[in-house]
Number of protein chains: 2
Amino acid sequence: MPTIKDVAKLAGVSVATVSRVLNDSGYVNLETRQRVEQAISELNYRPNNVARSLFNGRSQMIALLVPDIMNPYFPELARAVEDFTKQNDYTFVLCNTDDDLEKEMHYIYALQQKSVDGIIIVSSKISEERLNEVSIPIVALDRIVSTKISSITVNNREGARQAVKYLKAKGCKRIAHICGPENVSNSKERLSGYMDEVKNEGWLLSSYVVSGDYQYETAMDATKRLLTNHPEIDGIFVANDLMGVAALKATQELGLIVPKDISIIGFDGISLGEQITPSITTMKQPIYEMGTRAAELLIQQINEKSISVQHEQFDVTLIERDSTKKKGGTSFE
Amino acid sequence: MPTIKDVAKLAGVSVATVSRVLNDSGYVNLETRQRVEQAISELNYRPNNVARSLFNGRSQMIALLVPDIMNPYFPELARAVEDFTKQNDYTFVLCNTDDDLEKEMHYIYALQQKSVDGIIIVSSKISEERLNEVSIPIVALDRIVSTKISSITVNNREGARQAVKYLKAKGCKRIAHICGPENVSNSKERLSGYMDEVKNEGWLLSSYVVSGDYQYETAMDATKRLLTNHPEIDGIFVANDLMGVAALKATQELGLIVPKDISIIGFDGISLGEQITPSITTMKQPIYEMGTRAAELLIQQINEKSISVQHEQFDVTLIERDSTKKKGGTSFE
DNA sequence: TTGATTTGTGTAACCCGTTACATATATAGT
DNA sequence: ACTATATATGTAACGGGTTACACAAATCAA
């Protein structure tokens, strides 16, 4: 690959002049500029970003760390971040952490050592203490990691309450909850929202809450166990759509009809939810806007170095689909 | 961030000695080594990878470029590449190209300028000519991009033939095909396989082949049109599972029962196919092995710089699920 | 005309590691 | 005792850019 020296030699100028042309900085005579540009295109020269990064400590690269690339929620989120960062001339890269602290720290260090300009992270494992070791801008998305790190989340608790209220309005008498991992903030909040709405119900049993760990397999097993032990359940609020699909599958394998025998409502609003049959009623997050906003916040932080921490919370919206529509049920308008 | 100089000063040695400790190269006295290690941990020093990259032209980073991160096939593939590259001490990053040549080239250049060590690419747009401008190791995955670039693919044509044969064995009399984009190699091959098996059938109409563009939405519309125009269709071979899900949805919206009224077989073997109801019979690719093998090949290329181009083709396997099981049908053993 | 500015370009230091080479001491071999 | 070799460490060049600073020519102001 040609270097700036080759260009300088071909154009008969110094490397400083070539650099000025490249960065459009300082004074360069028009004629000289043209000679340099000619040389650049002749050699098909592209400046070495590593050298640039070394000098100015920037790489024009932004990374997104997600816990589970196989959950469609994250590709959708990634899509949004990608679009916004690209518009702002950053190279976007995606990394998968398995929600594993070691992998997260490994990526953060590796990226920092590569002078990545900023990181957006979806994490439930990282602690404030560990983050102190890191010196690049970070924004948390979907989950809060620390009060000192800006975050973009949704109103999980309120969303969960709405979901349960909706099931009630549809006529469900015994509502269970498939929850996510207990150490994930949004999972806890969704559980709280559920509890808010059912804690005073006479029918509530502690075994109406089972953990699906935000995973398909776990959720399917959990749902089967739940429904086998409690045939009286006629509504399930599932903490995310991926598990919603699992719950649906479980009910069908048990010979139950959704929504006739049982209603299912999910959370997230991923497109998968409407692609399957029956489509899943859900509490939709504004995924694209959230990703966009997180990227915006991060870029702001990179540029201004102002350390004003912001915690923004979006609202979720009920999307009524086929997994809950009951002939006899009241509409929820 | 502390630099190697800070470490050297604190340990009372030269930077060369610190570097020797870091890289475990050359001679270092045990006592000196300990002093240096002490200084390193005291300062929480981590070598700057950009500087390393600048010197030796390597970044220990590998990238995977995929055309559509929202198609679950690619996250599954990514997962495999990630695992293997990580095992070999590379940092793995994922980039989404939208199957758009501009974005592909943008990423390739950006990554090359960051001294990425190698790229695995899933592309149907890139030409041999454009690839000549690139000077880092590349391996093609899922789709062949050039005879000069090593590739990992599957036997699409044979897989497609098996799929159609299977539908026939199950008793289907009129078999249609939802194909992918016409400029994508594997899509063309799957179409060829379909044609191999039906071209001599008296019932074949050219309108039995419709394009779903490997996209959910397009495929659903296409399927609806197909089945509305041709109610006689009782079997569909769909060129990928994502479109298979769409086809399933379409049939259900038209009031048809799968597999009673119509059988559907997909291609890819993504986990989504077994998560929905009815689960989709498919021609399964060994996705994980393919990703692993591509990464292995790439790393080999990076290390050996031998330019032996290899084109490896994996076989696909029929996975019989619920979208084709018919009581009356013959088993396909 | 002369000093102040603007314009135009080059030299060299710097970013932070790695490593070739130089140097020095210790140990081994004969 | 005297090379030959192993051990130990430092100096400085290098990778490919950016930019502070120096300097010269051109333009401007008074």
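For B:Arg52 against D:dG15, no side-chain N or O and base N or O form a donor-acceptor pair under 3.5 Å. Side-chain atoms of A:Arg20 and base atoms of C:dG10 include a donor and an acceptor less than 3.5 Å apart.
A cation-pi arrangement, defined by a distance under 6.0 Å to the six-membered ring centre and an angle within 45 degrees of its axis, is present between A:Arg46 and B:Tyr109.
The side chain of B:Ser19 contributes an N or O atom lying less than 4.0 Å from OP1 or OP2 of C:dT18. Checking the phosphate oxygens (OP1, OP2) of D:dG10, no side-chain nitrogen or oxygen of B:Tyr27 falls inside 4.0 Å. Put simply, B:Asn29 has a side-chain N or O that comes within less than 4.0 Å of OP1 or OP2 on D:dA8. Residue A:Asn23 has a polar side-chain atom (N or O) positioned under 4.0 Å from OP1 or OP2 of D:dT18. Listed pair A:Thr3 / D:dG16 fails the phosphate criterion, with no side-chain N or O lying under 4.0 Å from OP1 or OP2.
Candidate nucleotides D:dG17, C:dG17, C:dG10 were compared by shortest atom distance to the side chain of A:Ala16, and C:dG10 ranks first. Checked against D:dT9, C:dG10, C:dC15, the side chain of B:Thr32 finds its nearest nucleotide in D:dT9. Among the nucleotides C:dT11, D:dG16, C:dT18, the one closest to any side-chain atom of B:Leu54 is D:dG16.
Rounded to whole angstrom, the span from the CZ atom of A:Arg58 across to the P atom of C:dC15 amounts to 18 Å. B:Ile4 places its CD1 atom 11 Å from the P atom of C:dC16, with the value rounded to the nearest Å.
Nucleic acid contact class of A:Val13 (heavy atoms, under 4.0 Å, all strands): sugar-phosphate only. Nucleic acid contact class of B:Asn56 (heavy atoms, under 4.0 Å, all strands): none. Looking at heavy-atom distances under 4.0 Å, B:Ser53 makes no contact with the nucleic acid at all. In this structure, B:Val18 reaches neither bases nor backbone, as no heavy-atom distance under 4.0 Å exists between it and the strands shown.
Checking each of B:Ile287, B:Val66, B:Leu94, B:Ile152 against B:Leu77 for a side-chain contact (heavy atoms from CB on, under 4.5 Å) leaves exactly one that passes, namely B:Ile287.
With values rounded to the nearest 0.5 angstrom, B:Phe74 atom CZ is found 10.0 Å from B:Ile270 atom CD1.
With sequence neighbours excluded, no residue forms a salt bridge (charged side-chain N to carboxylate O under 4.0 Å, His left out) with A:Glu182.
Residues A:Lys114 and B:Thr91 form a side-chain contact, since some pair of their non-hydrogen atoms from C-beta on lies under 4.5 Å apart.
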